[in-house]
Amino acid sequence: MFYALSWFVVFSLLALWSVTAWALHAVAAWTVSNAGALTGAAAGAGDLRLPDWLAAWAPPEIVQAMTSLLAVLAQAVDGLLQAAPALAGGLSVLAWAIWGFGSVLLVLLGAGLHLLIAMWRRRGGGGGPP
């Protein structure tokens, strides 16, 4: 009975792991494939500047450096958003690899529980016939 109960728990965890991996892959694939629509969204970051009350206290070199840093950062984010849809294929491979690794760990957990129950029954803790 303990064998069936332990494997039932392991297969239930495996089903939960599979559904979770599928859902996360679906959300990630949708996000990555639609990231190209967000290009140009980071273009407004170049218009950001320090508030007037803070700019009065900051040296002009720092204000100018922060403005140029934000402009470069906006270009980098825009480039990443344009390249994101190309990553969707690699995302599927990564999701399968992570799911497979987790599944192997769960099956090894089931085998370990099986062996643990067998050793417990062999030592006389089972209370029933072998």
Side-chain angles (χ1 to χ4, degrees):
M1 180 67 182
F2 288 120
Y3 293 118
L5 186 62
S6 69
W7 282 108
F8 176 75
V9 169
V10 167
F11 286 133
S12 297
L13 287 173
L14 185 62
L16 182 66
W17 170 248
S18 297
V19 167
T20 303
W22 170 77
L24 289 176
H25 174 261
V27 168
W30 178 81
T31 303
V32 168
S33 64
N34 289 328
L38 296 175
T39 56
D47 298 336
L48 292 176
R49 58 184 181 91
L50 287 176
D52 292 332
W53 62 270
L54 186 59
W57 290 91
E61 296 85 20
I62 292 179
V63 173
Q64 191 175 28
M66 292 300 287
T67 304
S68 65
L69 177 69
L70 285 174
V72 169
L73 185 64
Q75 290 175 354
V77 169
D78 197 36
L80 285 174
L81 287 174
Q82 288 176 354
L87 300 174
L91 185 66
S92 296
V93 173
L94 181 67
W96 274 105
I98 291 172
W99 175 84
F101 181 71
S103 298
V104 166
L105 286 179
L106 285 171
V107 170
L108 288 175
L109 173 71
L113 285 173
H114 191 96
L115 290 174
L116 189 66
I117 292 169
M119 288 190 319
W120 179 62
R121 290 189 72 194
R122 195 171 292 157
R123 290 192 181 195

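Because the structure is a prediction, the values reported are computed rather than measured.
- Cluster partners of Val104, using a side-chain heavy-atom cutoff of under 4.5 Å among ILVMFWY residues and allowing indirect links, are Leu108.
- Annotation: ring pair (Phe, Tyr, Trp, His ring centres under 6.0 Å) contacts of Trp96 (sequence neighbours excluded): Trp99.
- Applying the ring-ring contact (aromatic ring centres under 6.0 Å, His included) test to pairs two or more places apart or on separate chains, none has a residue in residues 66-93.
- Taking the side-chain hydrogen bond (donor to acceptor under 3.5 Å, both in side chains) definition, one finds that Trp22 meets it with nothing, sequence neighbours left out.
- In this structure Phe8 satisfies the ring pair (Phe, Tyr, Trp, His ring centres under 6.0 Å) test with no other residue, sequence neighbours excluded.
- Met119 belongs to a hydrophobic cluster with Leu116, counting contacts under 4.5 Å between side-chain heavy atoms of Ile, Leu, Val, Met, Phe, Trp and Tyr, direct or through other members.
- Side-chain heavy-atom separations under 4.5 angstrom define the hydrophobic clusters, and the remaining members of the one that includes Leu105 are Phe101.
- Taking the side-chain contact (heavy atoms from CB on, under 4.5 Å) definition, one finds that Pro60 meets it with nothing, sequence neighbours left out.
- Partners of Trp30 under the side-chain contact (heavy atoms from CB on, under 4.5 Å) rule, at least two apart in sequence or in another chain, are Asn34.
- Other cluster members for Val19: none, since no ILVMFWY side-chain heavy atom sits under 4.5 Å from it.
- Every side-chain contact (heavy atoms from CB on, under 4.5 Å) that Leu91 has, sequence neighbours left out, goes to His25, Ala28, Ala29, Val32.
- Applying the side-chain contact (heavy atoms from CB on, under 4.5 Å) test to Leu113 and every residue at least two apart in sequence or in another chain returns Ser6, Val10, Leu109.
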